[in-house]
Every structure is written in C-alpha cells, then in structure tokens.
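Keep in mind it's a predicted model, so treat the numbers as computed, not measured. Proteins get letters first, then strands, A, B, ... in listed order; numbering begins at 1 in each.
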2 protein chains.
Amino acid sequence: MLNQPSLRMTRQRQVILEELRKVNTHPSADEIYEMVRKRLPRISLGTVYRNLEILSENGEIQKLELGCSPKRFDGVAEDHYHIRCLDCNRVIDSPPGFDVCVTHELTENTDFKIIGHKLEFIGFCPTCLNRPQTC
Amino acid sequence: MLNQPSLRMTRQRQVILEELRKVNTHPSADEIYEMVRKRLPRISLGTVYRNLEILSENGEIQKLELGCSPKRFDGVAEDHYHIRCLDCNRVIDSPPGFDVCVTHELTENTDFKIIGHKLEFIGFCPTCLNRPQTC
DNA sequence: TTTGCTGCAAATCCTTTGCAGAGGT
DNA sequence: ACCTCTGCAAAGGATTTGCAGCAAA
C-alpha cells in the first residue's frame, strides 16, 4: 500500500520486538514500555508507540483490533483468534482444534470488496469465574 | 449482573434513542450528538455519552466493539454482523443469506467460559474502491 | 418529594506529533 | 554523510466525571 521506507533496526526497535515475543499476554503499549524499560531505562513511551506501529505495518507483529482500550499487541504475526475475558480483559490465544468456518460468499451479496474478518471470542477467564461476586 | 437502578425516560434519553433508530449508519457519540442537537439544542455531549452507555447496558441499543475509534452505536439491539471499510471506516450491516458457522466447541479446549463472539468483516466500500488512488 | 438526570467544564486516558540532536547504514 | 530514529514534552481526540440545580416518577 505504501512505499516502504528503508527501515533501521535500532536497539530500541530490537528490544521492543524481543520483549513482545517473550510473552503471550498480548500487552498494551504501556505494558510493553514497562517491560522494555528494564533493559533500556531511557526509552520513551512515544518511541514504543512509534515502533509498535512500524513493526505492525511491516507484519512483524500484530496490533490487535479488539473492542477494548488500550490497544494490545501480539508478537505472533500469523493470523489467529483470541478469547477475551469480559471482566478483567485478559486475552489468550484461542486453542487449536475447533472449527471456525466463515464463508466469504458474502462478497456476492454486497458491494463491498471483502478481504477478511476479525473474530474474537468473549467470555470469562477462570480467575474471574471463581472470584466471589463483589455485589 | 448489576442491580438495576430505576431508570427514567427523560426527554434527552428518548430523543437519543429515536434518532439512533432512524439511521443505519452506526454513528459515533459525536455524530449522535449533532443529530440530537437539532431537536434539543441545549443537550450536552456528556449527556449523550451517559445515555448511550445506559441504553446499551440495558439492551436497548448496541455499543459496537469494532477495532476502530471513536466507538459506534447501533439502534438495532439484536446481534448481527457488520462490514467495515478499511479506508473510510463506513460500517454497514452484513446482508443475510450467507453462512457463518462458528462452533463454540471451543469451550472444551479452554478454561474460559465462552459466552459469545464478535465477528466483523473488513474490506473496501464501493466509494473507496472506485476512487482514484491518491499516491 | 425523592433521587436519578442534566449542562457545564474540567479531568482523564490513550495516542500522536514537532523538534533538535543522536545514531544506524 | 545521509536520513531515520530518538527523547522530551506538548498537543490531540475520545470519553468520563464532579457538581449544583432540574425534573421524572
């Protein structure tokens, strides 16, 4: 879509990528900032945002389009589905071995050119399920 | 989930609901504010946000959990899918008559209690498809 | 009359951006 | 050397909230 500018693998970009790929918690930009700061104490939050944007534009990582804020990031670039807890917002990868068949035949019934879909499962995580109700 | 407080159908709440149900454009809070303001010139944006929240909590409308900001609202409370244009962010209801089968067998492979899913198709709307490229 | 609701404005949260200097290639 | 990238800080967009008065029930 865009002309690719020549990118540089700076220390900051490298560490952000490494730290994000260490975890499977789908952290927010701010959480990634805290993780990276342990190795690069002088990095700024703006730099983290800028690099997450660039890395996801280049397909190294994913910016998750979930219905919650702040946005979350995934070090696994390959498309896969997620399950989000409605209570604590924890996000996990959906396990393999279940069927999702979303037909794209849809294209014939609309003027839109469909290029994909976003699917997110919602529910409650074990922790929130077992916690006694607060009210 | 919560104890339901006794709600009042104020003029503001009524008009917000009416205006939202007139359209199928899935407007944002700010767009709804502009629509409602023609009938209630002194209404505030805060009131619009508060009422949209209350109405969606009570199942009168839907707050759409799409991967775009600002959030959009739907006067149709029944669950249905949407198609969003990646370019202009226009959102339309997905037409009936196509197959989506998302099995919830998923529950057996995870500790989460799955209660539903969010599915959004993405693509390009006719207007954006036909517009000459800007670059 | 009760108490949920409103308008207003300030605050908050998340994210982006302008700038001058640093650092990859 | 070139030019992208950085830290800093300020700006920006979207949404929430405190408060004193208003108005449904």
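- Nucleotide dA23(D) holds its P atom 14 Å from the CD1 atom of Ile43(B), rounded to whole Å.
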Exercise. If the sugar-phosphate is the primed atoms plus P, OP1 and OP2 and the base is the rest, what is the B/S/- string for nucleotides 11-16 of chain D, using protein heavy atoms under 4.0 Å?
Worked result: ---SBB
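- One atom, CG of Leu40(A), and another, C1' of dG23(C), lie 14 Å apart when rounded to the nearest Å.
- For Leu52(B) and dC5(C), the CG to P distance is 14 Å, given to the nearest whole Å.
- In this structure, CZ on Arg13(A) lies 5.5 Å from CG on Leu7(A), to the nearest 0.5 angstrom.
- A close approach under 4.0 Å does not occur between any side-chain nitrogen or oxygen of Arg8(A) and OP1 or OP2 of dC2(D).
- For Arg13(B) and dC5(C), the shortest distance from a side-chain N or O to OP1 or OP2 is below 4.0 Å.
- As a whole-Å value, the separation of Glu65(A) CD from dT15(C) C1' is 15 Å.
- Residues Glu60(B) and Arg21(B) share a closest heavy-atom pair of O-NH2, 2.8 Å.
- Checked for salt-bridge contact, Lys63(B) and Glu57(B) miss the test: no charged N lies under 4.0 Å from a carboxylate O.
- Note: CD (Glu34(A)) to C1' (dC14(C)) measures 15 Å, nearest angstrom.
- Rounded to an integer number of Å, the gap from Gln14(B) CD to dG4(C) P is 20 Å.
- In this structure a side-chain-to-backbone donor-acceptor pair under 3.5 Å is present from Glu31(B) to Ser28(B).
- With respect to Arg39(A) and Glu18(A), a salt bridge is recorded, a charged nitrogen being found less than 4.0 Å from a carboxylate O.
- For the pair Leu129(B) and Lys113(A), the tightest heavy-atom approach, listed with the atom from each and the gap, is CD1-CB, 3.7 Å.
- We find that CE of Met9(B) is positioned 15 Å from C1' of dA23(D), with the value rounded to whole Å.
- When the side-chain nitrogen and oxygen atoms of Thr47(A) are compared with OP1 and OP2 of dG7(D), one or more of them lie within a distance under 4.0 Å.
- Phosphate contact (OP1/OP2 of dA24(D), side-chain N/O of Gln12(B), threshold under 4.0 Å): absent.
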Distance-only donor-acceptor hits, side chain of residues 42-50 of chain A, under 3.5 Å, sequence neighbours excluded:
from	atom 1	to	atom 2	distance (Å)
Ser44(A)	OG	Thr47(A)	N	3.3
Ser44(A)	OG	Thr47(A)	OG1	3.1

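- Taking only side-chain nitrogens and oxygens, Arg42(A) comes nearer than 4.0 Å to OP1 or OP2 of dC8(D).
- If you take CG of Asn51(B) and C1' of dG4(C), they are 11 Å apart, rounded to a whole angstrom.
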